[in-house]
Student: 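Sharing a structure below in structure tokens format, with a few things to ask.
Just follow the structure's listing: the first ligand is 1, and inside any ligand the first atom is 1. Side-chain atoms are counted along with the backbone in the values below, which use heavy atoms only and exclude waters and symmetry mates. These figures come from a predicted structure and were not determined experimentally.
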Amino acid sequence: MEEKIKFDDLGLSEATLSGIRKKGFEEPSPIQAKTIPYLLQGEKNIIGQAQTGTGKTAAFGLPLIDKLEPDTGHVQALILAPTRELAVQVCEEINSLKGSKRLQIAPIYGGQSYGEQFRRLKRGVDIIVGTPGRIQDHIDKGSLNLSKLSWLILDEADEMLNMGFVEDIEKILESVNEDKRMVLFSATMPKAILNIAGRYMGDYEVLAVKKQQLTTNLTEQIYYELSERDKFEALCRIIDIEDDFYGIVFCRTKVRSDEVAERLINRGYSSAALHGDISQNMRERILSQFKEKKTNILVATDVAARGIDVTNMTHVINYSLPQDPESYVHRIGRTGRAGQEGTAITFVTHSEYRMLVRIQRMSNTDIKKKTLPGVKDVIHIKRERIITELSETIQGNLEKVNESYDSMAKTLLEQGNPEQVVASLLKYSFKQDLDESQYKEIKNIKMNRDGSRTRLFVAKGRKDNMSARDVVSLIKEKTGIPDSRIDDVQVFEMFSFITVSFDDAEHIIDVFRKAGRGHRPMVEKAKPSDNNRRRGPSDGRPRGAGNRQGGHFYHSERKRGNNKRSR
Ligand code: AMP
């Protein structure tokens, strides 16, 4: 088994380690292993290159928890994040890791009432996680004093720049105290990021995690979109429709794997949890039972599953997504080996969607979206299976003498006609198994794909007699992408902007690159600097399609119908 860095090796205090244990993390993710020791000991500012889903929040959150003391009477750390969702997520993550430390952490974002935020700030906060526009507003109003910061963290800095926050960020950076430590996390390193670093971060170090070349095997890969609380129900349905489910259910934490295994056992399945807290003896016992198929569902963390040499599994289930594409490939490599058919199933919630897109892109695999089987489908499949199995049993027994059973059968057949008798025997044996009410409803979710939306620059504007409608028609005509997937169109004198999903953006860019034949393509990813160019009057209003995301931060804070950001 390859040697991995442990949380104990990073220099964190016992109190923080106990918070991590409570949360159930087993080992640091690569970006955590790299940045935590650095932030605990060094003095330098850092830039961390990491994407969402890699554990970057804990990478900066744990050192904050470790180093900050409560009750100082001033804000000690400011974390800037591009969207309301991310701000809330970061707050929740840090809160869930802080253990018994009494640090006050608050999200401050656009769209929420000022009154509530004034009150929260007055009560005293140690760590603020905020969106740049709203933080700048509080500074202007005098309701937020950031003159005694120990830490300033820019999370998803490239996203913030893409969203046009560069001026707000610069203003904030200029108005806070100089003697703080800065951390900047960004998935990509465009020049604009390095400019900010050059101007405001002085002496800094770049920490990145090496990427590996990834290949996947021929396993069938499927994903289901669902909410976190429906995952267990979905798991049961998947197991139930299989004739002989034999596989590993991967969870990210020990706590979760214990919980899932226990719930499976309570529901009558043969399951066991495998994670880092399980003793070596116990581990061996669990593994040998799994190999002998006495237990057919192993619920494991990545750490614990390392070194398991079972290869004939029918399924690998990603109950939660792993922290990087490498682990995904590693996980699913356990099924479908040696010519055997295998299926890899991934559960994807709103917050995991971006990681899924990354995994698809980096591992260059096609993970197909499917719909979960409905309760009626599951029951139907179970019925068919019972009929098949019983038919085989009946066939196998016809020629044999079954004396003791024959006399029982005679007695029973005297109770009614054969159909009634067999029906009541079936009911007696399978009532529970075929009862629809054992399955709970699974809610259909509308996936929030905004996290992976991309702003595109189109080199056509009013000078070319283009209206917003013309821009959409042009894109549709050249790429086949329907109007409904093109949002937030803005037309300026020389150029325009549109917003589309990450996947559509890739396709559009590709089509126009090919059409451009070596010349500058007509459509490109909007650059942060484009945000500054577009400050002129706009005749393009965000189109109705934008309303479909009503209430989403991107529109509430950034809607530019009047070319002014509402905060
Ligand atoms: P982030 O990249 O910070 O958005 O984290 C993505 C998810 O990974 C969150 O649900 C975290 O709770 C989880 N996570 C972060 N670090 C670890 C770790 N070391 N082990 C297991 N899960 C983790």
Student: Checking a contact table here: which protein heavy atom is nearest atom 6 (C) of ligand 1, and how many Å away?
Tutor: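 Looking at atom 6 (C) of ligand 1, the protein heavy atom closest to it is G53 CA, 3.7 Å.
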Student: So which protein heavy atom does atom 3 (O) of ligand 1 come closest to, and at what separation?
Tutor: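 Closest protein heavy atom to atom 3 (O) of ligand 1: T57 OG1, 2.5 Å.
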Student: Any salt bridge linking D71 with R102? Criterion: basic side-chain nitrogen under 4.0 Å from a carboxylate oxygen.
Tutor: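 Counted as a salt bridge, because a side-chain N and a carboxylate O are separated by less than 4.0 Å.
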Student: As an exercise, state the distance from CD1 of I345 to CZ of F250, rounded to the nearest 0.5 Å.
Tutor: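 Between I345 CD1 and F250 CZ, I get 13.5 Å after rounding to 0.5 Å.
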Student: What part of F60 sits under 4.0 Å from ligand 1 if we count only heavy atoms: the side chain, the backbone, both or neither?
Tutor: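 For F60, no heavy atom sits under 4.0 Å from ligand 1.
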Student: Among all the protein's non-hydrogen atoms, which is closest to atom 16 (N) of ligand 1, and how far away is it?
Tutor: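 Its nearest protein heavy-atom neighbour is Q32 NE2, 2.7 Å.
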Student: Give me the nearest non-hydrogen protein atom to atom 19 (N) of ligand 1 as residue plus atom name, then the distance to 0.1 Å.
Tutor: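 Heavy-atom neighbour on the protein nearest atom 19 (N) of ligand 1: E27 O, 2.8 Å.
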Student: In the protein, which heavy atom is nearest to atom 12 (O) of ligand 1, and how far is it?
Tutor: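 Looking only at protein heavy atoms, the one closest to atom 12 (O) of ligand 1 is E93 OE2, 2.8 Å.
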Student: Below 3.5 angstrom, do we get any N/O pair linking T253 and ligand 1?
Tutor: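 T253 vs ligand 1: no N/O contact under 3.5 Å.
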Student: Suppose we measure from atom 7 (C) of ligand 1 to each protein heavy atom; which comes out shortest, and what is that distance?
Tutor: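 Nearest neighbour among protein heavy atoms for atom 7 (C) of ligand 1, to 0.1 Å: R252 NH1, 3.4 Å.
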Student: Can you name the atoms of ligand 1, numbered from 1 with element, that are less than 4.0 Å from a heavy atom of T54?
Tutor: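 This gives 2 (O) as the contact atoms.
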Student: Using a 4.0 Å cut-off to any heavy atom of S29, which atoms of ligand 1 qualify?
Tutor: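 Ligand 1 atoms under the 4.0 Å threshold to S29: 19 (N).
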Student: Where does the angle between the aromatic ring planes of F7 and F25 fall among parallel (under 30°), tilted (30 to 60°) and perpendicular (over 60°)?
Tutor: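 Aromatic pair F7/F25 classed parallel.
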Student: Answer yes or no: does an N/O atom from G55 fall short of 3.5 Å to an N/O atom of ligand 1?
Tutor: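 So ligand 1 has an N or O lying under 3.5 Å from an N or O of G55.
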Student: Walk me through it: do F290 and Y246 pass the test ring-ring contact (aromatic ring centres under 6.0 Å, His included)?
Tutor: CA-CA 9 Å; F290 185 60; Y246 181 49; 4.7 Å; yes
Student: Would you call the rings of Y224 and F347 parallel, tilted or perpendicular if under 30° counts as parallel and over 60° as perpendicular?
Tutor: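 Y224 vs F347 ring planes: tilted.
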Student: I need the minimum non-hydrogen distance between K98 and L103, along with the two atoms involved.
Tutor: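 It is NZ-O, 2.9 Å.
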Student: Identify the two heavy atoms, one from F165 and one from G133, that lie closest to each other, and give their separation to 0.1 Å.
Tutor: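 Reported closest heavy-atom pair: CE2-N, 4.0 Å.
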Student: Answer with yes or no whether K23 contacts ligand 1, where contact means a heavy atom under 4.0 Å from a ligand atom.
Tutor: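 Yes; K23 lies near enough to ligand 1 that a heavy-atom distance drops under 4.0 Å.
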Student: Start with the C-alpha distance between I127 and I79, add both sets of side-chain angles, then the distance that settles side chain to side chain contact (heavy atoms under 4.5 Å, CB included), and finish with yes or no.
Tutor: CA-CA 8 Å; I127 303 175; I79 301 164; 3.7 Å; yes
